[in-house]
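Hydrogens, waters and symmetry mates play no part in the numbers below; they use all other heavy atoms, side chains included.
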Amino acid sequence: MTERRTEVLVVGGGLGGVAAALTAAKLGRRVVLTEETDWLGGQLTSQLVPPDEHAWIESELVSPSYAELRRRIRDYYRRNYPLLPDAAEDPALNPGLGKVSRLCHEPRVAVAAIEEMLAPWCASGAIQVLREHVPTAVHAGGDLIDAVTLRDQRTGDEVTVTADFVVDATELGDLLELGGVEHVIGAESRERTGELHAPEQADPLDQQAVSWCYALEHRPGEDHTIDRPASYQHWATKVDDFWPGPQLSWVDVEPVFLARRDRPIFMSKPTDGVPFDLWRYRRILAAEQFDPASGLRDISTVNWPQIDYWDAPLLGVGEAEKEQALAASRELSLSFLYWMQTDAPREDGGTGYPGLRLRPDVTGTADGLAKAAYIRESRRIEAEFTVLEQHVGVKARGVGAGSEVFDDAVGIGQYRIDLHPSTAGRTYVDIACFPFQIPLGALLPVRVDNLLPACKNIGTTHITNGCYRLHPVEWSIGEAVGALVAFCLDRGVAPRKVHADATSRGDYQDLLQGTLGVTTAWPDDIRRTGPAF
């Protein structure tokens, strides 16, 4: 076992972890950043999810560093791809023309953009990145985290990193469990939170579905049918009470009104209630924008309701049960692909699209599935302040009321409260949400002084996690945490003291707003509009 010493240890190289490391380094601090895969970027890259963003993402309200990431992604295509002139000159270039986002792109391009942003800091030694490292132990003394031990998945070697501040940016809040940091999992009861959409009874095993995504191209006339998965028959016939039939179908549930919906992979013309097909939903490369002589084809990512795995939770169970759930999620994803290739009804009356072809080069894996499962819900800290539906939900607050205004705000975000079907047999919870702020109190554990969350593990509930879990919000959380640890190291104070003291908190917010250019409050007219866009 080897040992390292740093000022800031960031465990987890997703968007929150990258933003935390980058911000702390910009503010003069030494950082060790670790990641369990060989790609930085988390849900944007290794989990294969194009960014879910709000309506003002192209405006000056967005964090400058997140805007830089988006600009670098677009510039990468302009520098390296044979874009047609109109596409190349479009300041709002959307490489995939996907419907889910204004910027649908290949994950490896986002990886390249992130590496570019980190490059000068890595070259100077301010940031050291340990890829393919997973945390195995947290060493704590009283209310402080002293060090974290990580295992190199390639060699089995271990390294223990001692740090003044530890940031948990893991997808499942792993350090909270390993370090005995007070946290919650699953769904809180309505009695505890007072939330309109909370269940009557608390259920730690009520957790959102995970999805194992993959990338496809379509080659009509060719046969790329995969081997029939061992569990195919199970998924082809399994029917849940809240779902309109087997998941291996074009029929699913519309999340807001819970109506039955029939949306196929390809449609030659729009259908009532289904304005676009699944292929265009999360398409990350649109061939029509590139020189036809290039050989580039459409690439679409499968992150659709049909691959949501809700049979078993990942948290609150043993390691064997967790691994079984992840394996079943992979089998579901492959079973849906096999169904699409062989049994899916086509517009022309035939069945199956054998020309659907996995793109393992896009996912960076041998089997064509994403490097990691898409995680929607994590362990969450017991925080100094917990964001409730009453702070952000339109129905809970009233139309036109706007979200709660927090005097300790450190960033902003917006998304619907979007909960996918859960392991407790609950269907979608998808409700309107006002543009909201990120309160500093939600980033502070109730007891531990030098560990901070920077992913989906902040002080939200099962309900409000549904709007705080998306890409730009995770980045802003990480940015706020990176700035906070740098501020605390400069002043020699603990994060809790910064929050409690109005002068220190104001100085920290000035650092965010002035030095980093972070917006911490929505204009009042936007804050009150909610879903009007």
Output a table of donor-acceptor pairs, distance under 3.5 Å, between side-chain atoms of residues 470-487 and any protein atom two or more places apart or on a different chain; print 'none' if there are none.
unit_1, atom_1, unit_2, atom_2, d
H471, ND1, D52, N, 3.1
H471, NE2, V49, O, 2.9
E474, OE1, Q43, NE2, 2.7
E474, OE2, L15, N, 3.2
E474, OE2, G16, N, 2.9
W475, NE1, S65, OG, 2.8
S476, OG, P472, O, 3.2
E479, OE1, S63, OG, 2.8
E479, OE2, S63, OG, 3.2
E479, OE2, S65, OG, 2.7

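- Using a distance-only test at 3.5 Å, with no hydrogens or angles considered, no donor-acceptor pair links the side chain of Q47 to the main chain of G14.
- For the pair V167/V31, no side-chain contact is recorded, criterion being any heavy-atom separation below 4.5 Å from C-beta on.
- By the 4.5 Å heavy-atom criterion applied to side chains, N94 and R283 are not counted as neighbours.
- Taking the side chain as every heavy atom from C-beta outward, L285 and V362 never approach each other to under 4.5 Å.
- A169 and G12 get closest at one heavy-atom pair: CB-O, 3.4 Å.
- Scanning both residues, I381 and I458, for their nearest heavy atoms gives CG1-C, 3.8 Å.
- Checked options Y309, Y428, F242, W304; the residue passing with H420 is Y428 (criterion: ring-ring contact (aromatic ring centres under 6.0 Å, His included)).
- By the ring pair (Phe, Tyr, Trp, His ring centres under 6.0 Å) test, Y468 is found to be paired with F436, residues two or more places apart in sequence or in another chain being considered.
- By the side-chain contact (heavy atoms from CB on, under 4.5 Å) test, V62 is found to be paired with I57, Y66, A67, residues two or more places apart in sequence or in another chain being considered.
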- Task: Starting from the C-alpha separation in whole Å, work towards a yes-or-no answer on side-chain contact (heavy atoms from CB on, under 4.5 Å) for I431 and L196.
- Result: CA-CA 11 Å; I431 52 179; L196 289 175; over 6 Å; no
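- Listed by chain and residue number, R108, R359 satisfy the salt bridge (charged side-chain N to carboxylate O under 4.0 Å, His left out) test with D361 (two or more places apart in sequence, or in another chain).
- T170 is linked by a side-chain contact (heavy atoms from CB on, under 4.5 Å) to V11, D168, D174, counting only residues two or more places apart in sequence or in another chain.
- Judged by distance alone, with hydrogens and angles left aside, the side-chain atoms of S333 form no donor-acceptor pair with the main-chain N or O of I307 at under 3.5 Å.
- The closest donor-acceptor contact from the side chain of S422 to the backbone of D206 lies at 3.5 Å or more, if one exists at all.
- Looking at P107 and I284, their side chains come closer than 4.5 Å, going by heavy atoms from C-beta outward.
- Aromatic ring orientation, W250 versus F336: perpendicular (interplanar angle above 60°, classes split at 30° and 60°).
- The heavy-atom pair separating L356 from M340 by the smallest distance is CD1-CB, 3.7 Å.
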- Check the pair R397, E404 against salt bridge (charged side-chain N to carboxylate O under 4.0 Å, His left out), reporting the backbone distance first and the verdict last. CA-CA 9 Å; R397 295 182 64 78; E404 186 81 9; 3.1 Å; yes
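- By the side-chain contact (heavy atoms from CB on, under 4.5 Å) test, T365 is found to be paired with T363, D367, K371, residues two or more places apart in sequence or in another chain being considered.
- The backbone N or O of C213 sits nowhere less than 3.5 Å from a side-chain atom of N303 that would complete a donor-acceptor pair.
- A salt bridge is defined here as a Lys NZ or Arg NE, NH1 or NH2 lying under 4.0 Å from an Asp or Glu carboxylate O, and R71 with D75 meets this definition.
- Across P199 and A187, no two heavy atoms sit closer than the pair CG-CB, 3.8 Å.
- Side-chain contact between L93 and P95 is present, with at least one heavy-atom pair separated by less than 4.5 Å.
- There is no side-chain donor-acceptor pair under 3.5 Å between H499 and E384.
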- Output, in order, the C-alpha distance, side-chain angles, deciding distance and verdict of side-chain contact (heavy atoms from CB on, under 4.5 Å) for M117 and V18. CA-CA 10 Å; M117 293 178 74; V18 167; over 6 Å; no
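- For the atom pair CG (L176) and OG (S378), the distance works out to 6.5 Å, reported to the nearest 0.5 Å.
- Between the side chain of Q247 and the backbone N or O of D308 there is at least one donor-acceptor pair closer than 3.5 Å.
- Between Y81 and D291, the closest side-chain pair of non-hydrogen atoms is not below 4.5 Å.
- Considering only heavy atoms from C-beta on, R426 comes within 4.5 Å of L419 through its side chain.
- Remark: N80 CG is packed, more than 12 non-hydrogen atoms of other residues, nucleotides or ligands lying under 6.0 Å away.
- In this structure R102 satisfies the salt bridge (charged side-chain N to carboxylate O under 4.0 Å, His left out) test with no other residue, sequence neighbours excluded.
- Here the side chain of E389 pairs a donor or acceptor atom with the backbone of H197 at under 3.5 angstrom.
- Within the cation-pi definition used here (under 6.0 Å to the ring centroid, within 45° of the axis), R527 does not qualify as a partner of W522.
- Applying the ring-ring contact (aromatic ring centres under 6.0 Å, His included) test to residues at least two apart or on different chains, the pairs with a partner in residues 381-414 are F385-H391, F385-F406, H391-F406.
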- Item | Verdict with supporting geometry, E53 and R70, side-chain contact (heavy atoms from CB on, under 4.5 Å) | CA-CA 11 Å; E53 297 169 328; R70 301 175 86 251; 3.0 Å; yes
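- In this structure the side chain of V100 reaches within 4.5 angstrom of the side chain of Y281, judged on heavy atoms.
- Counting only residues at least two apart or in different chains, salt bridge (Lys or Arg N to Asp or Glu O under 4.0 Å) contacts with residues 26-37 comprise E7-R29, R29-D490.
- In this structure E382 satisfies the salt bridge (charged side-chain N to carboxylate O under 4.0 Å, His left out) test together with R192, sequence neighbours excluded.
- The main-chain N or O of A287 is found under 3.5 Å from a side-chain atom of D298 such that the two form a donor-acceptor pair.
- Here the side chain of R376 pairs a donor or acceptor atom with the backbone of A209 at under 3.5 angstrom.
- Judged purely by atom type and a 3.5 angstrom limit, T23 uses its side chain to pair as donor or acceptor with the backbone of A19.
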- Please test D430 against I417 for side-chain contact (heavy atoms from CB on, under 4.5 Å), starting from the C-alpha separation and ending with a verdict. CA-CA 6 Å; D430 194 312; I417 294 175; over 6 Å; no
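- The two residues A113 and L69 come nearest to each other via the heavy atoms CB-CD1, 3.9 Å.
- Side-chain atoms of T45 never come within 3.5 Å of backbone atoms of V111 as a donor-acceptor pair (strictly under, hydrogens ignored).
- T520 is linked by a side-chain contact (heavy atoms from CB on, under 4.5 Å) to A409, Q513, V518, counting only residues two or more places apart in sequence or in another chain.
- With sequence neighbours excluded, the residues satisfying salt bridge (charged side-chain N to carboxylate O under 4.0 Å, His left out) with R380 are E188, E377.
- Under the 30°/60° scheme for interplanar angles, the aromatic rings of F266 and W279 are found to be tilted.
- Scanning both residues, L27 and T515, for their nearest heavy atoms gives CD2-CG2, 4.2 Å.
- In summary, the side chains of N457 and H183 do not present any donor paired with an acceptor at a separation below 3.5 Å, with no hydrogens or angles considered.
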